[in-house]
Amino acid sequence: MSGSPAVVLRLVASAYTVAEKAGAIVRKVLHSGELGIVEKNGANDVQTLADRLAQQSICASLSRRFPKITIIGEEDLPPEEVPEDLIENGQEDEILKKICPSEYSGVKEEELVVWVDPLDGTKEYTEGLLENVTVLIGIAYAGRAIAGVINQPFYNYQLGPQAKLGRTMWGILGVGAFGFQLREVADNKRVVTTTRSHSNKLVTDCVNAMEPDEVVRVGGAGNKIIQLVEGTASAYVFASPGTKKWDTCAPEVILHCVGGKLTDVHNKAYHYDANVKHMNSAGVLATLRNHDDYVSRVPQSVLRALTSD
């Protein structure tokens, strides 16, 4: 390949630095003490100034460099001029040096859809549970999630003020996933991670049907997938229509790059075309290994209640 790297590589390289910028914005808002919280759909669905500024930064930065891509963000924000100090123009050199898989080397800008969650785990962010918080930028082509970037703005925050805060992981199908150390749950234990604040009878019944050795309840879809690839949990089980496409697009790629799988409870893949409905209506079942075993345990009552898209 002579000349410029493929657009997929350039977009991911930009998304990497843009996610880091968004992470810095999220930290800055928290440290200011002025979170600017507003309720969207009740007390468990809130938006902060960090959500708004981070989304403005991500969307404006990417659309300026890639004007033909479709960007779908979580926050419904009015169109307005974005200040220059929110724009990130950098690109991560290590990503640009990778070889683009042949099936993506000829992809055009206008064929790509970017799904953005500027602050995944907003409720936890407002409550000080900072390890739950991520910035998610997922990239889809032909309806499939093919690349993703996850930034953890507060990674290492428990180590005190001298620690370097934040990390960014990224992945492209056919290239690999980077920025973390892959680990698996010890001794083949069945550790299920699930929602912290959006549980109901379906969720509880499905989790119990997995016969887990342990259940870990935390916030953020991105955070739960990180648990799978770093050996804290073996399955993410959420039998409810709570997550959206911007919650799962980027994390799904990281998981798939290391041999894991993310589907709905019917074992069907989600699609990420620009015109799909945003809600993941049939829940989420994600695993690092043994996906079919977990799928086989989903109760019939759950399958009947959650209709696949």
Side-chain angles (χ1 to χ4, degrees), residues 4-30 48-75 77 79-98 100 107 109-110 112-122 125 133-141 145-155 165-172 175 177-180 220-222 226 245-254 272:
S4 176
V7 67
V8 168
L9 291 181
R10 290 188 284 114
L11 179 55
V12 177
S14 291
Y16 184 102
T17 58
V18 166
E20 294 210 317
K21 171 83 167 183
I25 291 168
V26 169
R27 289 192 296 269
K28 184 177 180 180
V29 170
L30 184 74
T48 69
L49 178 61
D51 293 88
R52 297 187 288 274
L53 292 179
Q55 180 160 308
Q56 285 183 325
S57 175
I58 294 167
C59 296
S61 299
L62 292 179
S63 61
R64 180 177 291 192
R65 189 182 280 266
F66 304 95
K68 296 178 182 177
I69 60 173
T70 298
I71 304 177
I72 303 172
E74 175 179 10
E75 308 306 337
L77 302 178
E80 58 183 297
E81 192 70 28
V82 176
E84 279 300 313
D85 65 349
L86 292 181
I87 302 296
E88 171 57 55
N89 294 311
Q91 290 185 303
E92 175 57 40
D93 285 342
E94 286 304 310
I95 299 174
L96 294 174
K97 293 174 185 173
K98 299 293 184 182
C100 187
V107 172
E109 259 186 54
E110 56 267 32
L112 294 169
V113 180
V114 179
W115 293 88
V116 175
D117 190 337
L119 202 173
D120 183 41
T122 299
Y125 176 69
V133 174
T134 58
V135 175
L136 306 175
I137 304 176
I139 298 165
Y141 166 64
I146 66 163
V149 175
I150 302 177
N151 176 269
Q152 284 183 288
F154 299 102
Y155 180 74
L165 282 183
R167 68 167 171 174
T168 303
M169 52 186 70
W170 66 277
I172 303 174
V175 176
F178 307 86
F180 63 96
I226 292 172
K245 299 298 185 296
W246 46 72
D247 292 308
T248 53
C249 186
E252 174 178 320
V253 174
I254 303 295
Y272 297 92

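- With rounding to the nearest 0.5 angstrom, the CG atom of Leu119 is 8.5 Å from the CD atom of Glu74.
- In this model, no donor atom of one side chain and acceptor atom of the other lie less than 3.5 Å apart for Glu94 and Tyr16.
- The minimum heavy-atom distance between Ala54 and Ala22, with the atom names listed, is CB-CB, 4.1 Å.
- By the 4.5 Å heavy-atom criterion applied to side chains, Glu109 and Pro67 are counted as neighbours.
- Side-chain atoms of Val107 and Ile146, non-hydrogen and from C-beta on, never get closer than 4.5 Å to each other.
- Inter-residue side-chain proximity for Gln152 and Ile226 is flagged as met; some heavy-atom pair is nearer than 4.5 Å.
- Looking at Asp120, its side chain does come within 3.5 Å of a backbone N or O of Gly222 through a donor-acceptor pair.
- Using a 4.5 Å heavy-atom cutoff, the side chains of Phe154 and Arg27 are in contact.
- A donor-acceptor contact shorter than 3.5 Å links the side chain of Gln91 to the backbone of Arg10.
- Note that CG of Asp117 is 13.0 Å distant from CD1 of Ile72, once rounded to the nearest 0.5 Å.
- Judged purely by distance below 3.5 Å, without hydrogens or angles, the side chains of Thr17 and Glu92 never pair a donor atom with an acceptor atom.
- Val82 places none of its side-chain heavy atoms less than 4.5 Å from the side chain of Ser57.
- In this structure, Val8 and Ile139 have side chains that are not in contact, with every pair of non-hydrogen atoms separated by 4.5 Å or more.
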Take Leu30 and Thr48, measure what side chain to side chain contact (heavy atoms under 4.5 Å, CB included) needs, and give me the verdict at the end.
CA-CA 10 Å; Leu30 184 74; Thr48 69; over 6 Å; no
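- Remark: the backbone N or O of Leu136 is not paired with any side-chain donor or acceptor of Thr134 at under 3.5 angstrom.
- Contact check for Tyr272 versus Val113: no side-chain heavy atoms found under the 4.5 Å cut-off.
- Two residues are said to be in side-chain contact when any heavy atoms from C-beta on lie closer than 4.5 Å; Ile254 and Phe180 meet this criterion.
- Distance CG/Asn151 to CH2/Trp170: 15.0 Å, rounded to 0.5 Å.
- Defined by atom type and a distance below 3.5 Å, a donor-acceptor pair is present between the side-chain atoms of Glu20 and Thr168.
- Here the CD1 atom belonging to Ile71 is positioned 9.5 Å from the CD atom belonging to Gln55, to the nearest 0.5 angstrom.
- Judged by distance alone, the side chain of Tyr125 and the main-chain N or O of Val26 form a donor-acceptor pair under 3.5 Å.
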